[in-house]
Amino acid sequence: QVQVVESGGGSVQSGGSLRLSCVASGYAYEHYWMAWFRRAPGKGREGVAAILLDDGSKYYADSVKGRFTISRDNAENTLYLQMNTLKPEDTAMYYCARRLSAISSGSELQEYSYPEWGRGTQVTVSS
């Protein structure tokens with residue numbers, strides 16, 4: 001059974017850093033989309049960053065550009081999200097998601113583009 005499992009969340013002060021990890025099992029790794037989403041309390045799920053694994057194309061939400069970096073280690077089947085200069089508004093449950101086929105241009109950070117999801121890891125940023 002395919003599994004997508006996140007780790008690395010925690011509590012940090014404003015201005016700090018965290019690195020999230022996501023291990024996706026069940027399939028060969030190179031030719032798919034993977035992404036990070038987040039859901040803050042009382043809000044919908046928001047696309048944060050996405051990556052096309054075979055060529056490394058990356059997409060970011062405007063709110064995290066310059067602060068967050070998505071990357072992957074194909075040999076380890078692991079996706080990462082390096083989060084720097086964290087702000088209290090980054091507090092959310094962070095989810096890893098995967099898609100095994102092409103995504104329409106402009107939909108890389110849309111929740112409906114991804115059918116496989118992890119259970120999430122909590123990130124809390126205090127001021």
Side-chain angles (χ1 to χ4, degrees):
Q1 183 175 353
V2 174
Q3 286 190 321
V4 179
V5 181
E6 308 93 337
S7 62
S11 297
V12 64
Q13 289 190 330
S14 181
S17 298
L18 282 174
R19 188 176 79 158
L20 305 183
S21 300
C22 171
V23 177
S25 63
Y27 293 97
Y29 193 72
E30 289 83 4
H31 305 297
Y32 313 126
W33 285 91
M34 293 195 73
W36 289 99
F37 286 75
R38 66 186 181 186
R39 177 180 282 139
K43 296 187 177 181
R45 195 145 54 180
E46 170 194 22
V48 174
I51 186 169
L52 178 57
L53 299 180
D54 60 355
D55 71 1
S57 298
K58 300 177 182 179
Y59 300 81
Y60 294 96
D62 289 342
S63 58
V64 306
K65 281 181 182 176
R67 301 189 299 122
F68 290 12
T69 302
I70 189 170
S71 64
R72 87 286 194 199
D73 183 333
N74 288 356
E76 297 294 328
N77 281 3
T78 303
L79 179 75
Y80 300 101
L81 185 68
Q82 178 66 44
M83 305 185 294
N84 297 329
T85 319
L86 282 161
K87 305 175 181 179
E89 51 264 43
D90 294 318
T91 295
M93 183 71 78
Y94 282 72
Y95 299 90
C96 179
R98 183 168 73 173
R99 181 183 177 96
L100 306 183
S101 58
I103 291 178
S104 299
S105 179
S107 299
E108 296 86 359
L109 294 177
Q110 298 300 317
E111 183 177 3
Y112 59 73
S113 295
Y114 296 87
E116 298 175 21
W117 293 85
R119 294 187 175 184
T121 185
Q122 178 67 38
V123 172
T124 303
V125 185
S126 58
S127 57

**OP:** Could you go through the side-chain contact (heavy atoms from CB on, under 4.5 Å) check for Ser25 and Asn77 one step at a time?
**Re:** CA-CA 7 Å; Ser25 63; Asn77 281 3; over 6 Å; no
**OP:** Go through the steps for Met83 and Asp90 under the test side-chain contact (heavy atoms from CB on, under 4.5 Å), then give the verdict.
**Re:** CA-CA 9 Å; Met83 305 185 294; Asp90 294 318; over 6 Å; no
**OP:** Answer yes or no: is there a side-chain heavy-atom contact under 4.5 Å between Ser17 and Val12?
**Re:** no
Original post:
Between the main-chain N or O of Val125 and the side-chain N or O of Thr91, is there a donor-acceptor pair closer than 3.5 Å?
Top reply: yes
Original post:
Are Leu100 and Leu79 in one and the same hydrophobic cluster, where Ile, Leu, Val, Met, Phe, Trp and Tyr link if side-chain heavy atoms are under 4.5 Å apart?
Top reply: yes
Original post:
Is the centre of the Trp117 ring less than 6.0 Å from the centre of the Phe37 ring?
Top reply: yes
**OP:** Any chance you could lay out the side-chain contact (heavy atoms from CB on, under 4.5 Å) test for Thr69 and Tyr60, step after step, and finish with the verdict?
**Re:** CA-CA 8 Å; Thr69 302; Tyr60 294 96; 3.8 Å; yes
Subject >> Short side-chain to backbone donor-acceptor contact, Tyr114 and Glu108, under 3.5 Å >> reply: yes
Subject >> Step-by-step side-chain contact (heavy atoms from CB on, under 4.5 Å) determination, Glu46 to Ser63 >> reply: CA-CA 10 Å; Glu46 170 194 22; Ser63 58; 3.4 Å; yes
Subject >> Side-chain donor/acceptor of Glu6 to backbone N/O of Gly120, under 3.5 Å >> reply: yes
**OP:** Give a yes or no answer on whether the side chain of Arg72 reaches the backbone of Leu53 with a donor-acceptor pair at less than 3.5 Å.
**Re:** yes
Original post:
Would you say Thr85's side chain and Arg67's backbone share a donor-acceptor pair under 3.5 angstrom?
Top reply: no
Original post:
Looking only at side chains, do Ser21 and Arg19 share a donor and an acceptor under 3.5 Å apart?
Top reply: no
